[in-house]
Visitor: 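My structure is below; once you've seen it, I'll send some questions.
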Amino acid sequence: MRERAYALIKNRNKPRLELFAHRIIDWQQQHGRHGLPWQGADVYRVWLSEIMLQQTQVVTVIPYYLRFVARFPTIAALAADSEDAVLAHWSGLGYYWRARNLHRAAQLIMQRHGGKFPQHFEDILALPGIGRSTAAAISAFAFHERRAILDGNVKRLLARYHAIEGYTGEKKTEAQLWQQAEALLPKRDVAVYTQGLMDLGALVCTRSKPQCPICPLQADCAAYQNERVAQLPTPRPRKVLPERHSTFLLLLNGPDILLEKRPGSGIWGGLWCPPQVDPRLLSKVEDANAYCLQQFGTETIHTLALSTFTHTFTHFKLHITPLLLQVINKPKQIQEPGMVWLDVDDALQTAIPTPVRKLLQELLAGRRLV
DNA sequence: AACTCGGGGAC
DNA sequence: GTCCCAGAGTT
């Protein structure tokens, strides 16, 4: 507290905008995060970390990041490998278009930029999966360029610091926040400053129970002065989640299960899933046998409905009823190229979404593969 | 401007 | 259960 007061007096001749950055940089060097695996790494690793960290917290990302760089150590290695291999290493992290864009961008870098990650902001921004904020973060961290980021942490921090009202996802509010983010940029030490903003948002200016007493911005934080910290930023408008129902057809032939590749766009794009069917098409469980015979040419000798569970997405709830179908044949001729019979153990190593992974693991644990 | 993309941590 | 996280792309 006394140190901060002294800092304010000591820097009284500095312009106020510069003082903000100075406090962030000072705080980062003393209290920020320094041991993250991508900090100080090459631009490929900085890029990868920024993509993985979109809408995903640091603790969740770290194990995925380490496995990913071990498997794909360079842009060239990433570009040369298959999309399936990339998705398999993304399996469970969510927002799978991030992985497909990453893979596509790696190939574009090989073509357009001779395998060297572009250094110019406009070229970085032009890569798929990289928007304004991510391009700025890469530019700041890897190239020490003076660019403003605006991620969830910074939005919350600035909304409080300037007491900006309105949902931060709203265009008008976001425009104000971008303007502030640009205005507050320091002339130098942009990498440390950017990391400081993120860390202060993640560690001190948290969504709930922010640590205002130890915050370096407390002295002139508008929300703190007005006792509006708990009310800012304005929360996202509430809305009721629509609900959908789906039956997962778990076709089992000995140790093998039938999976099909989902289309590139939409939920779980590019991932492998058991065939799904609208439960309204099956008036009774046995209807699934006829359905599978017609669709896949399989003859079922035993059918068992497992208990329904719910998977919640950002915009809807999915009620999943798994239907276990023991089949006695595995048609040689696969109708679609996007279909495959896989040993359940192998299926767990491929690109599957989390609810499918949980189902397969329960299947193995329950020894229901007979 | 409004929607669509997962999954998990924190509460 | 709710809310949000190192957001971007599409319409």
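Any value given below was found using the heavy atoms of this structure, including those in side chains, with hydrogens, waters and symmetry copies removed. So you know, we letter chains A, B, ... as the sequences are listed, proteins then strands, and number each from 1.
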Visitor: Can you check the A/R33 CZ to C/dC5 P distance for me, whole Å?
Guide: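 Value for this atom pair: 13 Å.
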
Visitor: Taking atom C1' in both B/dG8 and C/dG9, compute the distance separating them and give it to the nearest angstrom.
Guide: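 It comes out at 23 Å once rounded to the nearest Å.
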
Visitor: Identify whether any heavy atom of A/Y95 sits under 4.0 Å from a base atom; if not, whether one sits that close to sugar-phosphate; answer base, sugar-phosphate or nothing.
Guide: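 Answer is base: heavy atoms of A/Y95 come under 4.0 Å of a base.
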
Visitor: Name the nucleic acid region contacted by A/Q195, choosing base, sugar-phosphate or nothing; use a 4.0 angstrom heavy-atom cut-off, strictly under.
Guide: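 Base, at least one base atom sits under 4.0 Å.
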
Visitor: Nearest whole angstrom, please: distance from the C1' of B/dC5 to the CE of A/M52.
Guide: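 Checked: the CE to C1' distance equals 17 Å.
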
Visitor: Of the candidate nucleotides C/dA6, C/dA8, B/dC5, which contains the atom at the shortest distance from the side chain of A/A202?
Guide: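 Closest nucleotide to the A/A202 side chain: C/dA6.
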
Visitor: Under 30°, 30 to 60°, or over 60°: which ring-plane class applies to A/F20 and A/Y193, parallel, tilted or perpendicular?
Guide: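 Correct class here is perpendicular.
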
Visitor: To the side chain of A/R156, which of C/dA6, C/dA8, C/dC5 is closest?
Guide: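 Of C/dA6, C/dA8, C/dC5, C/dC5 is nearest to the side chain of A/R156.
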
Visitor: For A/L127 and C/dG7, give me the distance from atom CG to atom C1', rounded to whole Å.
Guide: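 Spelled out: CG on A/L127 to C1' on C/dG7 is 16 Å.
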
Visitor: Out of C/dC5, B/dC5, C/dA8, which has the shortest distance to the side chain of A/H315?
Guide: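 Looking only at heavy atoms from C-beta outward on A/H315, the closest nucleotide is B/dC5.
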
Visitor: Any chance the rings of A/W90 and A/Y64 have centres within less than 6.0 Å?
Guide: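 No, they do not, as the ring centres are separated by 6.0 Å or more.
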
Visitor: Given the P atoms of C/dA6 and B/dC5, what is the spacing between them in whole Å?
Guide: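 After rounding to an integer number of Å, I get 23 Å for this pair.
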
Visitor: Please state how far atom CG in A/L125 lies from atom P in C/dG7, giving the value in whole angstrom units.
Guide: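 About 16 Å, once rounded to whole Å.
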
Visitor: Send over the distance from A/F313 CZ to C/dT2 C1', rounded to a whole Å.
Guide: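 Taking CZ of A/F313 and C1' of C/dT2, I get 18 Å after rounding.
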
Visitor: May I ask you to verify if any side-chain N or O of A/T134 is less than 4.0 angstrom from the OP1 or OP2 atom of C/dA8?
Guide: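 Looking at the OP1 and OP2 atoms of C/dA8, one of them is under 4.0 Å from a side-chain N or O of A/T134.
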
Visitor: Just to be sure I understand the rule, does A/T314 reach a base, reach only the sugar-phosphate, or reach nothing, if contact means heavy atoms closer than 4.0 Å?
Guide: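 Here A/T314 touches the bases of the nucleic acid.
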
Visitor: Look at the side-chain N and O atoms of A/Y96 and state whether any lies under 4.0 Å from the OP1 or OP2 oxygen of B/dG7.
Guide: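 Yes.
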
Visitor: Are A/R147 and A/F121 in a cation-pi setup, meaning NZ or CZ lies under 6.0 angstrom from the ring centre and within 45 degrees of the ring axis?
Guide: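 The answer is yes, since A/R147 meets both limits relative to A/F121.
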
Visitor: On a whole-Å scale, what distance lies between the C1' atoms belonging to B/dG9 and C/dA8?
Guide: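 The answer is 23 Å between these two C1' atoms.
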
Visitor: Which part of the nucleic acid, if any, lies within reach of A/L150 when heavy atoms closer than 4.0 Å are counted: base, sugar-phosphate only, or nothing?
Guide: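 Nothing, no heavy atom under 4.0 Å.
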
Visitor: So A/L318, base contact, sugar-phosphate only, or nothing? Heavy-atom distance under 4.0 Å.
Guide: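 Touches nothing.
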
Visitor: Just the rounded figure in Å: distance from C1' of C/dT2 to NZ of A/K239.
Guide: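 Distance check: A/K239 NZ to C/dT2 C1' gives 15 Å.
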
Visitor: I need the CZ-C1' distance between A/R98 and B/dG6, as an integer number of Å.
Guide: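 My rounded result for the distance is 8 Å.
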
Visitor: Would you measure the distance from the C1' atom in B/dG7 across to the matching atom in C/dT10 and give it in whole Å?
Guide: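 These two C1' atoms come out 22 Å apart once rounded.
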
Visitor: For A/Q55 and for A/K171, locate the closest nucleotide of DNA chain B by heavy-atom distance; then report the residue assigned to the nucleotide nearer the 5' terminus.
Guide: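 Nearest nucleotide further toward 5': that of A/K171.
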
Visitor: Classify A/W90 by what it touches in the nucleic acid, base, sugar-phosphate, or nothing, heavy-atom distance under 4.0 Å.
Guide: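 Since no nucleic acid heavy atom lies under 4.0 Å of A/W90, the category is nothing.
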
Visitor: Mind checking A/G201 for me? I need base, sugar-phosphate or nothing, with any heavy atom below 4.0 Å counting as a touch.
Guide: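 Counting heavy atoms under 4.0 Å across all strands, no contact is made by A/G201.
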
Visitor: Under 3.5 Å, is there a donor-acceptor pair linking the side chains of A/R262 and A/Q276?
Guide: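 Indeed, the side chains of A/R262 and A/Q276 share at least one donor-acceptor pair under 3.5 Å.
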
Visitor: Are A/R104 and A/E83 ion-paired here, with the side-chain N under 4.0 Å from a carboxylate O?
Guide: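 Salt bridge flag = no for A/E83 with A/R104.
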
Visitor: So, is A/R357 near the phosphate of B/dG7, with a side-chain N or O under 4.0 Å from OP1 or OP2?
Guide: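 A/R357 to B/dG7 OP1/OP2: no side-chain N or O under 4.0 Å.
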
Visitor: For the pair made of CG in A/N153 and C1' in C/dG7, what is the distance, rounded to whole Å?
Guide: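 Computing the A/N153:CG to C/dG7:C1' distance gives 13 Å.
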
Visitor: By nearest heavy atom, map A/W97 and A/L241 onto DNA chain C; which one lands nearer the 5' end?
Guide: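 Whichever sits nearer the 5' end wins; that is A/L241.
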
Visitor: Are A/T206 and A/R156 linked by a side-chain donor-acceptor pair shorter than 3.5 Å?
Guide: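 Judged by distance alone, the side chains do not pair up.
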
Visitor: Do A/T56 side-chain and B/dG7 base share a donor-acceptor contact under 3.5 Å?
Guide: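 There is none.
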
Visitor: Measuring to OP1 and OP2 of B/dG7, would you say a side-chain N or O of A/T354 lies under 4.0 angstrom away?
Guide: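 True: A/T354 side-chain N/O within range (under 4.0 Å) of B/dG7 OP1/OP2.
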
Visitor: So what does A/P355 touch, heavy atoms closer than 4.0 Å: a base, only the sugar-phosphate, or nothing?
Guide: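 Sugar-phosphate, no base atom in range.
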
Visitor: Which part of the nucleic acid, if any, lies within reach of A/L93 when heavy atoms closer than 4.0 Å are counted: base, sugar-phosphate only, or nothing?
Guide: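 A/L93: base contact, heavy atoms under 4.0 Å.
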
Visitor: For B/dG8, does OP1 or OP2 lie under 4.0 Å from any side-chain N or O of A/Q57?
Guide: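 Indeed not, no polar side-chain atom of A/Q57 lies that close.
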
Visitor: Checking contacts here: which listed nucleotide (C/dG9, B/dC5, C/dT2) is nearest the side-chain heavy atoms of A/N101?
Guide: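 Taking heavy atoms from C-beta onward, the closest nucleotide is C/dG9.
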
Visitor: Got a sec: does the CD of A/E182 have more than 12 other heavy atoms crowding it under 6.0 Å?
Guide: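 Yes, CD of A/E182 has more than 12 neighbouring heavy atoms, counting only those of other groups under 6.0 Å.
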
Visitor: Relative to the 5' end of DNA chain B, which residue comes earlier, A/L271 or A/K209, by the nucleotide with the nearest heavy atom?
Guide: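 By nearest-heavy-atom nucleotide position, the 5'-most residue is A/L271.
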
Visitor: Is it the case that the base of C/dC3 and the side chain of A/R207 share a donor-acceptor contact (distance under 3.5 Å, atom types as modelled)?
Guide: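 Donor-acceptor pair under 3.5 Å: yes.
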
Visitor: Salt bridge or not between A/D287 and A/K284? Use side-chain N to carboxylate O under 4.0 Å.
Guide: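 So A/D287 pairs with A/K284 through a salt bridge.
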
